[in-house]
J.: 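First the structure, then my questions, so here it is.
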2 protein chains.
Amino acid sequence: MAHEPRWLDAQERQTWLSLGAMLINLQSALDAQMQRDQGISHFEYQVLAGLSEAADHTRRMSELAGLANGSLSRLSHVVKRLERLGWVRRLPDPDDGRYTLAVLTEEGFAKVAEAAPAHVEEVRRLVFDPLTRAQQTTLRSITERINRAVDPDRDEPDRPPRPPQ
Amino acid sequence: MAHEPRWLDAQERQTWLSLGAMLINLQSALDAQMQRDQGISHFEYQVLAGLSEAADHTRRMSELAGLANGSLSRLSHVVKRLERLGWVRRLPDPDDGRYTLAVLTEEGFAKVAEAAPAHVEEVRRLVFDPLTRAQQTTLRSITERINRAVDPDRDEPDRPPRPPQ
DNA sequence: CATTCTAACTTGACGCTTCAACCCACACTC
DNA sequence: GAGTGTGGGTTGAAGCGTCAAGTTAGAATG
C-alpha cells in the first residue's frame, strides 16, 4: 500500500507553478525571437552554434545532439534540413565509419554570426538582467542540482570528474 | 549601427547552458513519468488537475489555457481528446454564450486522483528534494523575475495587484 | 435595430518531434 | 573469419502543436 503523498504546501505550490510557467514561456520566447529575426528555430540555432564553437567547425552527430539537448533522431531530421539550406555538410568519420561528422559551411557560419548578437541580447534581457549577481550564482547551483536529479549520469561541464574510489 | 554585443562570460555561459538543459530535460522527465504511469501527457494532466481544483470542477477554456500555460488552440485540441475519453465535457456558458465551460466528469476526477500522488512525488524528487530551503525560496523569486521579463503583463498569483497611480 | 468591432473558441493543414524499426561499422568471441 | 553484439545514425509514420482562417456571441456605435 502506498503512503499518503507529501503534497506541496502553499509556498512550494507557488514555486512550482512559477517554475512550470518559466519552463514553457522562456523557451517559447527564445524560439519566437529566433524565428522572427532569423527564420530558424532555437534548436536549429543551437546546432549551428554548437558547430561554430568546435575547433574545425566539425562535430560528431551524437556529440551535437548532447550539446543541443535533443535526441539523435531529432538532430538527424534537423541536420537534413540544414544541409538542404547549405549550412551544414555531413560525412562519415574517416577514422571510424560508425560516426557521422557534421561540418559547418561558410554560409552556415555566416548565419550563426548574424544570429548570435540578438540571441545573447535576448538571453541577457530575459535571464540575467532581471536577476541580482547572487541570484545568478544560485541559479547555476539550482539548475545543476535539478539536472543531476533528472539525469544522474550527466556530467556537468567544467566540473572535474569525481575520482574513482 | 549595432553595439558590440555583451557576450556571456565563462560563469554566465555555464549558468545558461545548465538552465537550457534543465528547460528541456525537466519537462521531458515529467512528461515521461506521466506517459509511462498514466498514458497521458503532462499537459493533459495539467488540464485535468486545473479542473479538479476548481470549485465545481468547471472552468472556462481560456482560464484553463492560462493555468496550463498553453494556447487556446492547443487546449481545444486536447480537450477534444479528453472529451472522447469521457473525462471532460464541454458546454457553452449559459451566462455568456461566447465562453465555453469545460467540466470534469466523475471518471476524469478519478483519473486525476489516480495520477496525482506519483506526480507530486516526481516533482519533489526532481525539484524540491535536491534543493536547500534557501535555494527553494530563491528559485521562486528567480522564476518570478524571469517570468515578468518574458511577459510583463503577467500577474503572479498571490501577489497583490499594484495600485493604479 | 443595423453595422461594426472584439474576443472566445474551433477547425484543418502544415511542420516538427517522437517512436520503432532498420542499416551499418566495428568489436568481441569462438 | 563466421557469428554475434553493441552502439551510432537514419528513416517513415504517427501524433502533437502552431498558425491562419473561420464562426459565433455579445458590446459598442450610429
Side-chain angles (χ1 to χ4, degrees), chain A residues 23-25 27-36 38-48 50-51 58-85 88-103 153, chain B residues 23-25 27-36 39-47 50-51 58-85 88-103 153:
Chain A
L23 249 41
I24 301 287
N25 296 324
Q27 286 236 288
S28 71
L30 291 167
D31 225 48
Q33 181 272 325
M34 195 54 73
Q35 197 70 52
R36 174 169 48 76
Q38 298 292 335
I40 62 176
S41 69
H42 182 234
F43 184 76
E44 287 170 320
Y45 172 78
Q46 285 181 306
V47 170
L48 296 175
L51 288 177
T58 299
R59 280 190 204 276
R60 292 176 173 168
M61 291 291 282
S62 41
E63 186 189 1
L64 246 192
L67 272 180
N69 299 300
S71 68
L72 201 42
S73 170
R74 180 182 185 183
L75 180 66
S76 183
H77 286 293
V78 165
V79 167
K80 191 192 299 177
R81 271 197 300 278
L82 298 178
E83 210 169 18
R84 272 202 305 272
L85 290 166
V88 173
R89 268 196 307 274
R90 272 185 291 192
L91 55 125
D93 186 336
D95 295 349
D96 185 337
R98 287 173 297 185
Y99 294 100
T100 302
L101 299 179
V103 189
D153 297 344
Chain B
L23 248 42
I24 302 286
N25 296 323
Q27 285 234 289
S28 72
L30 291 167
D31 226 48
Q33 180 271 324
M34 194 55 74
Q35 197 69 54
R36 174 169 49 75
I40 61 177
S41 69
H42 182 234
F43 184 77
E44 289 170 319
Y45 172 78
Q46 286 181 306
V47 170
L51 289 177
T58 300
R59 280 190 204 276
R60 292 176 173 169
M61 291 290 283
S62 40
E63 186 188 1
L64 246 191
L67 272 179
N69 299 301
S71 68
L72 201 41
S73 170
R74 180 180 184 184
L75 180 66
S76 184
H77 286 295
V78 165
V79 167
K80 190 193 296 176
R81 178 177 134 80
L82 297 178
E83 211 170 15
R84 273 202 305 273
L85 291 167
V88 172
R89 268 196 306 274
R90 272 185 291 191
L91 55 125
D93 186 336
D95 295 350
D96 185 336
R98 287 173 298 184
Y99 294 100
T100 301
L101 299 179
V103 189
D153 297 345

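The figures here come from the full heavy-atom set of this structure, side chains too, leaving out hydrogens, waters and symmetry mates. Keep in mind the model is a prediction, meaning the values are calculated, not measured.
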J.: Nearest-Å distance, CG (A:Leu91) to P (D:dG9)?
T.: 12 Å
J.: Is any side-chain N of the basic residue among B:Arg89 and B:Glu83 closer than 4.0 Å to the acidic one's carboxylate O?
T.: no
J.: List the residues meeting side chain to side chain contact (heavy atoms under 4.5 Å, CB included) with B:Asp93, not counting sequence neighbours, and say none if there are none.
T.: B:Arg60, B:Asp95, B:Tyr99, B:Leu101
J.: Rounded to the nearest Å, what distance is computed from the CG atom of residue A:Leu82 to the P atom of nucleotide D:dT10?
T.: 12 Å
J.: Drop me the distance from B:Met61's CE to B:Leu72's CG, to the nearest 0.5 angstrom.
T.: 6.0 Å
J.: Report the distance from atom CD1 of A:Ile40 to atom C1' of C:dG15, rounded to the nearest whole Å.
T.: 16 Å
J.: Go along nucleotides 12-28 of chain D 5' to 3' and tag each nucleotide: B for a protein heavy atom under 4.0 Å from its base, S when only backbone or sugar atoms are that close, - otherwise.
T.: B----SBB-----BS--
J.: Roughly, in whole Å, what's the span from CZ in A:Arg84 to P in D:dT10?
T.: 14 Å
J.: Figure out the CZ/C1' separation between B:Arg36 and C:dT18, and round it to whole Å.
T.: 17 Å
J.: The criterion is salt bridge (Lys or Arg N to Asp or Glu O under 4.0 Å); which residues satisfy it with A:Arg74, sequence neighbours excluded?
T.: none
J.: To the nearest Å, how far apart are B:Leu72 CG and C:dC9 C1'?
T.: 5 Å
J.: Mind listing the closest non-hydrogen atom pair of B:Leu51 and B:Ala102 along with its distance?
T.: CD2-O, 3.4 Å
J.: Nearest 0.5 Å, what's the OH-CG distance between A:Tyr45 and A:Leu82?
T.: 13.5 Å
J.: Atom CD of B:Glu83 to atom P of C:dC9: distance rounded to whole Å?
T.: 14 Å
J.: Using a heavy-atom cut-off of 4.0 Å across all strands, would you classify A:Ser62 as base, sugar-phosphate, or nothing?
T.: sugar-phosphate
J.: Nearest-Å distance, CZ (A:Arg59) to P (D:dG8)?
T.: 17 Å
J.: Using a cut-off of strictly less than 4.0 Å, decide whether B:Arg90 has a side-chain nitrogen or oxygen near OP1 or OP2 of C:dC9.
T.: no
